[in-house]
Amino acid sequence: MKSSNVEPDERVFTTILSARARLRNLDAGKVVHEFISENDILSNSYLQSALINMYPGCGAMDVAQSLYDTFTQKNLVVSTAMVSGYSKIGNIEAARSIFDQMVDKDLVCWSAMISGYAESDKPQEALKIFLEMQQSGIKPDLVTVLSVISACARLGALDRAKELHIFVDDNGFGKALPVNNALIDMYAKCGSLEGTKEVFGRMHNTNVISWTSMISAFAIHGDVDNALNHFQQMKCENVEPNWVTFVGILNACSHAGLIEAGRKIFASMVDEYSITPQLEHHGCMVDLYGCANCLRDALELVETMPMAPNVIIWGSLMAACRIHGELELGEFAAKRLLELDPDHDGAHVFLSNIYARERRWENVGEVRKSMKHKGISKERGLSKIEMDNEVHEFLTADRAHKQADEIYTKLNEVVDKLKDEHYAPNTSCILVDLDEDEKRDALLWHSNKLPFCYGLIRGEKGSCIRIIKNLRICEDCHNFMKLASKAFDREIIVRDRTRFHHCRGGSCSCKDYW
DNA sequence: CTAGGGTTAG
């Protein structure tokens, strides 16, 4: 182009830059950046936003920021690109700070902020911003609605979800395919498989995302039969499964312990569908073997898989070893994990616990010192319950709630009643340096049990109690919920980090396999 | 009529 003496026009650069952004090719992008600077066309706002848009994907948000700082006039589109750039790299505070400085905000920049919060797992903030947007007189479009539904899914509050569904229908989005797909996922993550089925049943047309969302919904609720059924059915309807579909179906097998079925499906990816298993699929298989206590198979897969295992893979193996008390392999996995992520809280806590159990006090000291030095602490247990249109949060041994006294009194009552059902606190779930009495208290105050008691106090009599937990539910809390479902004749639905537990009449839908 | 926000996945 240059040799024929045709000057490239500015449109060419926006095309090149968006290609660079997709390729995540930082060096090539910088060459274009320099060329633009040298030719004094950096004042073109189309070029500005294309440049800003390229950097976050290349892992160079700092370059985007310094470039942005040089612009004296902050264009709305360019600022929005900064908001979404910071959101993509997980720096939501920086995104918000730019957002707050913007004047005359339009729909797109509000949407960028909403999806930023949704993807940063701050659903409450996303919904709050959505409300503010409407109060400022701006009506959402389809894209906004999708982000809001996704935020509500992460929040997990069913009443809020139902309200949003009505809003979506009332505003004319109820027939759009992507909206219905998002609603399927929302109901699943809010613990309502019924809602999921209802939305799916009313859809006039479906695509691979609809079917995949259904399969994943059944997977997280432990209904492997329906997950497999829907997988068959989508084949009959000539909908081609994609790689996400396989993540869902393999997860379903993992949650139900169906090793053979999982193996076959994993093999069929290549044999029947010509889909190369990715890291995620290998992760599902490690999970499948790990949960089923086939730790040798899990390790073999990790060591022979065609790509380098990442933090999630080693974490999955480590978690399986923790559950099955396989300390030696667990230590190995934790160490590999720490090589990839030296600040991983779970691996530190796990190592320290293994060493404590084996009375290797020197090692315990080393790990704790390193944690203190790096400022690492264990992620705290956090549980939530929705009540009267409000989401109430509880940490372990939390006394911050306004009705804390009442809740703790109730907890004692509940524990007394559960003792009739032979409930005995299982302190092996707690591995810190506490004496037995302290352990017992720490266990009873596990965050899960607090929202349950609050649900008993405030909820309608006989209604289902829905709890959302940030970590994997511990064995003692699981046992507690099962017994409580019988003793109080209540359905209790707990969403933990990876799946749902439906407790009813003394047993759980996961059949104690999780 | 070429910039910025998007549903399924651990």
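Below, each value reflects all heavy atoms present in this structure, side chains not excepted, and no hydrogens, waters or symmetry copies. Letters A, B, ... mirror the listed sequences (proteins, then strands); counts begin at 1.
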Yes or no on ring-ring contact (aromatic ring centres under 6.0 Å, His included) for Tyr55(A) and Tyr68(A), after CA distance, side-chain angles and deciding distance?
CA-CA 11 Å; Tyr55(A) 283 113; Tyr68(A) 182 69; over 10 Å; no

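- Panel note: side chain Glu386(A), backbone Arg160(A); a donor-acceptor pair is recorded below 3.5 Å.
- Rounded to whole angstrom, the span from the CZ atom of Phe218(A) across to the P atom of dT8(B) amounts to 18 Å.
- What separates CE of Met102(A) from C1' of dG5(B) is a distance of 11 Å, to the nearest Å.
- Atom CZ in Phe99(A) sits roughly 11 Å away from atom C1' in dG5(B) (whole-Å rounding).
- One can place CD1 of Ile129(A) at 17 Å from P of dG5(B), the figure rounded to the nearest angstrom.
- Ile114(A) places its CD1 atom 15 Å from the C1' atom of dT7(B), with the value rounded to the nearest Å.
- For Met54(A) and dG4(B), the CE to P distance is 13 Å, given to the nearest whole Å.
- At a non-hydrogen distance threshold of 4.0 Å, Ile209(A), Thr212(A), Ser213(A) from residues 203-214 of chain A come into contact with DNA chain B.
- Residue-level contact check: Gln278(A) touches neither bases nor backbone, having no heavy atom under 4.0 Å from any strand.
- Between Glu326(A) and Arg296(A), at least one side-chain N (NZ, or NE/NH1/NH2) sits under 4.0 Å from a carboxylate O, which counts as a salt bridge.
- OP1 or OP2 of dA9(B) lies within a sub-4.0 Å distance of a side-chain N or O belonging to Lys189(A).
- For the segment residues 133-153 of chain A, the set of residues with a heavy atom within less than 4.0 Å of an atom of DNA chain B comprises Asp141(A), Leu142(A), Val143(A), Thr144(A), Leu146(A), Ser147(A), in numerical order.
- Residue contacts shown for Leu177(A) are absent, as no nucleic acid heavy atom lies under 4.0 Å away.
- With 3.5 Å as the limit, one finds a donor-acceptor pair spanning the side chains of Ser383(A) and Asn448(A).
- With respect to the salt-bridge test (charged N to carboxylate O, under 4.0 angstrom), the residues Arg336(A) and Glu339(A) qualify.
- The residue Asp287(A) sits apart from the nucleic acid: no heavy atom pair falls under 4.0 Å.
- In this structure, a donor-acceptor pair under 3.5 Å is present between the side chains of Tyr187(A) and His165(A).
- Note on Val247(A): only backbone sugar-phosphate atoms sit closer than 4.0 angstrom, heavy atoms only; bases stay farther off.
- For Ser216(A) against dA9(B), a side-chain-to-base donor-acceptor contact under 3.5 Å is absent.
- Salt bridge status for Glu260(A) with Arg263(A): present, with a side-chain N to carboxylate O gap under 4.0 Å.
- Side-chain nitrogen and oxygen atoms of Ser115(A) include at least one within less than 4.0 Å of the OP1 or OP2 phosphate oxygen of dG6(B).
- No donor-acceptor distance shorter than 3.5 angstrom exists from the side chain of Gln232(A) to the backbone of Leu228(A), with no hydrogens or angles considered.
- When rounded to the nearest whole Å, the span between CE of Met82(A) and C1' of dG5(B) equals 16 Å.
- Between Asn181(A) and dT8(B) there is no side-chain polar atom (N or O) within less than 4.0 angstrom of OP1 or OP2.
- Counting heavy atoms of neighbouring residues, nucleotides and ligands inside a 6.0 Å radius, atom NZ of Lys74(A) exceeds 12 of them.
- Nucleic acid contact for Ile215(A): none, since no nucleic acid atom lies under 4.0 Å from a heavy atom of the residue.
- Counting heavy atoms from C-beta on, the side chains of Asp100(A) and Arg96(A) come closer than 4.5 Å.
- Whole-Å rounding puts the Gln48(A) CD to dA3(B) C1' distance at 10 Å.
- Relative to the side chain of Tyr46(A), the nucleotides dA3(B), dT7(B), dT8(B) differ in distance, and dA3(B) lies closest.
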